[in-house]
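Worksheet for the structure shown next.
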Amino acid sequence: MSAKDSAWWCDAVIYQVYPRSYADSDGDGVGDIDGIRAHLGHLRDLGVDAIWMSPWYPSPMADAGYDVADFRDIDPVFGTLAAAEALITEAHQAGIKIIVDIVPNHVSSEHPWFQAAIASPDAPERDYFWFRPASERMPTAWTGEFGGTTWSKAPDGSWYLHLFTPQQPDLNWEHPDVRAEFEDILRFWFDRGADGIRIDSAALLFKDKDLPEVRDGEPHPFRDLDAVHDVYRAWRRVADEYPDRALIGEVWMPEVDRFTNYLRPDELHAAFNFDFLGCAWDPYLMRACIDRTLDAHAGVGAPPTWVLSNHDVTRHVTRYGRTDTTFSFGNNLDGTPVDLELGTRRARAAALLSLSLPGATYVYQGEELGLWENENIAEDQMQDPMYARRGHSRDGCRVPLPWSGDEPPYGFSTATPWLPQPAEWKDRTVQAQTGDPNSMLELYRAAIRLRRSQGAGFAWLDRGAEVLAYTRGPRFACVLNLSGAPVPLPEHKTCLLASGPLDGDLLPRDTAVWLRL
Ligand code: NOJ
């Protein structure tokens, strides 16, 4: 095994903290860094190897912090830079690494660069963005990432580009100052002990300077332009100046070969597996997805990742309880019927799957508690800018965590949480689930602990087309029954862990087990 294969990011369990919703220490209804510090024990008990922090920087919060006004400080709502540094130190003391989130495609419209750019047409900062002269028609008819148009007018009437909201002007990555600035930001956080960087919207940075329209069969004008790879090669050189630092890309890319380009040996260390996240709960599609993932990553020597949920997508307890179990932004399933019991049963099985496939596994905060999407947030309480543009809100997966007690705010805060928590979450709190062997939390704790006893390698076991079964080394197997009926277990010494009750020697449907062979 090469040094690279044994690096921490290759098989880590990485827990995504969404700071607004983890724990509130100062009673304003919004989570913060001191809240995370106070509840670090939860992550230690869970056994995770690393935390990825969604953005915590000063921000007007037009897109929940993905509109960054200053990459080298912390928003007062979350705390201070000193608190962030203390969190990094305390996490390290608990054996937990920290990944910070960097957003290179755009900045906040309050960022000093953009403020300077709109203050004067001669400002050099204007070239850091995509400005086009005032005209009646927008320079392009591109549809933005949240839906809607991608150009807004600056105070002087000129157009500027924003692939997301108007408060998130896109940077011009052709400009050397932009490149230099972000390399410096990486060093800023590496110098403060960050172990990794999650790269937001990693494939969007470059735009075709001619600004052509999006046309079938022609190269996309703002997605996955080849020049982006030069940036990540440079970032890799920066990361390599430090020991054991990882770059992890948010790359939504249906074409596998274009996706793995980001993972070439001199580029990013890893990328989120959205193919797996969006896959239907279906034996044929899931097997194909796993094979595709393993083949693609082997081809570039990068570790696969397994992701079920994050702060942008419908929680998988809800997804797996619907008739259509896929996820994609283009397919809005909000409000379609959900069987939460079925979704929970499948989510439990999915946990054993995602925690035993070779590679790194991401856990989105609250999935270890079996939280479902809150689909009952009143329109006037919704915060997500996507809702106005696309009719789908991501707020339902961003609801504050339930820690204790029988009613909201469930120990999250002393104030009313920034998004409402369902009344039915009283049995989903950390307190209620701790010590209950049948709880989702204890399943995750046991699985993360036992995960260490899996062997290396991966081989499918033939248990029929609708049963996903594989070994990890000579002594460990995972079996997931996706057929409609109970199936016999393969020969084994002991059952290490099961996602649900077994039926004698039979594995019920939508249930997974880990076996000692
Ligand atoms: C991806 C992030 O995960 C999402 O939350 C954000 O809205 C967009 N990028 C824009 O930064």
Side-chain angles (χ1 to χ4, degrees), residues 14-22 31 51-71 75 99-111 114 129 142-148 150 152 161-171 173 182 185 196-205 207 222-224 228 247-253 262 268 270-274 277-278 305 307-315 327-330 362 364-366 373 382-399 418-419:
I14 300 171
Y15 184 96
Q16 181 187 356
V17 168
Y18 194 69
R20 300 184 75 74
S21 297
Y22 188 77
I51 313 173
W52 147 33
M53 303 287 307
S54 277
W56 49 7
Y57 315 107
S59 164
M61 306 287 169
D63 184 18
Y66 282 93
D67 48 323
V68 179
D70 178 358
F71 281 98
D75 194 281
I99 297 164
V100 299
D101 206 324
I102 297 291
V103 186
N105 180 68
H106 46 269
V107 293
S108 162
S109 49
E110 298 294 316
H111 188 284
F114 193 72
F129 298 92
W142 297 347
T143 300
E145 296 294 290
F146 292 165
T150 61
S152 289
L161 174 69
H162 53 83
L163 292 184
F164 294 89
T165 70
Q167 294 81 18
Q168 293 165 294
D170 277 49
L171 288 167
W173 274 88
F182 274 84
I185 292 166
I197 305 286
R198 179 259 186 192
I199 306 164
D200 187 77
S201 304
L204 297 183
L205 276 44
K207 283 94 201 175
F222 61 79
R223 193 161 293 154
D224 190 36
V228 75
L247 300 172
I248 302 156
E250 188 209 12
V251 183
W252 291 86
M253 190 76 55
Y262 290 77
L268 308 184
F272 298 97
N273 187 349
F274 295 122
L277 184 153
T305 67
V307 186
L308 292 168
S309 278
N310 68 28
H311 65 294
D312 290 331
V313 309
T314 307
R315 283 195 178 272
F327 179 83
S328 72
F329 286 108
Y362 285 78
Y364 173 50
Q365 73 176 34
E373 186 84 0
M382 283 186 189
Q383 314 261 342
D384 182 11
M386 190 188 265
Y387 183 68
R389 302 178 144 240
R390 240 190 193 170
H392 166 74
S393 163
R394 297 168 296 176
D395 291 320
C397 67
R398 299 176 174 180
V399 173
W418 70 284
L419 285 174

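Just follow the structure's listing: the first ligand is 1, and inside any ligand the first atom is 1.
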- So is E145 in contact with ligand 1, going by heavy-atom distances below 4.0 Å?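 Under 4.0 Å: no for E145.
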- Item | Ion pair check, R394 and D63, cut-off under 4.0 Å |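 Looking at D63 together with R394, the answer is yes, because their closest N to O distance falls below 4.0 Å.
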Out of all atoms in ligand 1, which are within 4.0 Å of some heavy atom of [X]? Include the element for each.
X: S201; answer: 1 (C), 9 (N)
X: E250; answer: 1 (C), 3 (O), 9 (N)
X: F146; answer: 7 (O)
X: R394; answer: 4 (C), 5 (O), 6 (C), 7 (O)
X: H106; answer: 10 (C), 11 (O)
X: R398; answer: 5 (O)

- Item | salt bridge (charged side-chain N to carboxylate O under 4.0 Å, His left out) between R389 and D384, worked out | CA-CA 10 Å; R389 302 178 144 240; D384 182 11; over 6 Å; no
- Query: Among W52, Y364, Y22, Y362, which residue meets the side chain to side chain contact (heavy atoms under 4.5 Å, CB included) test with Y15?
  - Reply: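 In the set W52, Y364, Y22, Y362, the residue that makes a side chain to side chain contact (heavy atoms under 4.5 Å, CB included) with Y15 is Y22.
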Check the orientation of [X] and [Y]. Use parallel for under 30°, tilted for 30 to 60°, and perpendicular for over 60°.
X: F274; Y: W252; value: parallel
X: F222; Y: W142; value: tilted
X: H111; Y: F71; value: tilted

- Check: H311 ring centroid to Y66 ring centroid under 6.0 Å: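 Yes, the ring of H311 comes within the 6.0 Å limit of the ring of Y66, centre to centre.
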Which protein non-hydrogen atom lies closest to [atom], naming both residue and atom, and how far is it?
atom: atom 3 (O) of ligand 1; value: D312 OD2, 2.5 Å
atom: atom 8 (C) of ligand 1; value: F164 CE2, 3.7 Å
atom: atom 7 (O) of ligand 1; value: D63 OD2, 2.6 Å
atom: atom 2 (C) of ligand 1; value: D200 OD1, 3.0 Å

- Item | Check: Y18/N310 side-chain N/O donor and acceptor closer than 3.5 Å |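 Side chains of Y18 and N310: no pair found under 3.5 Å.
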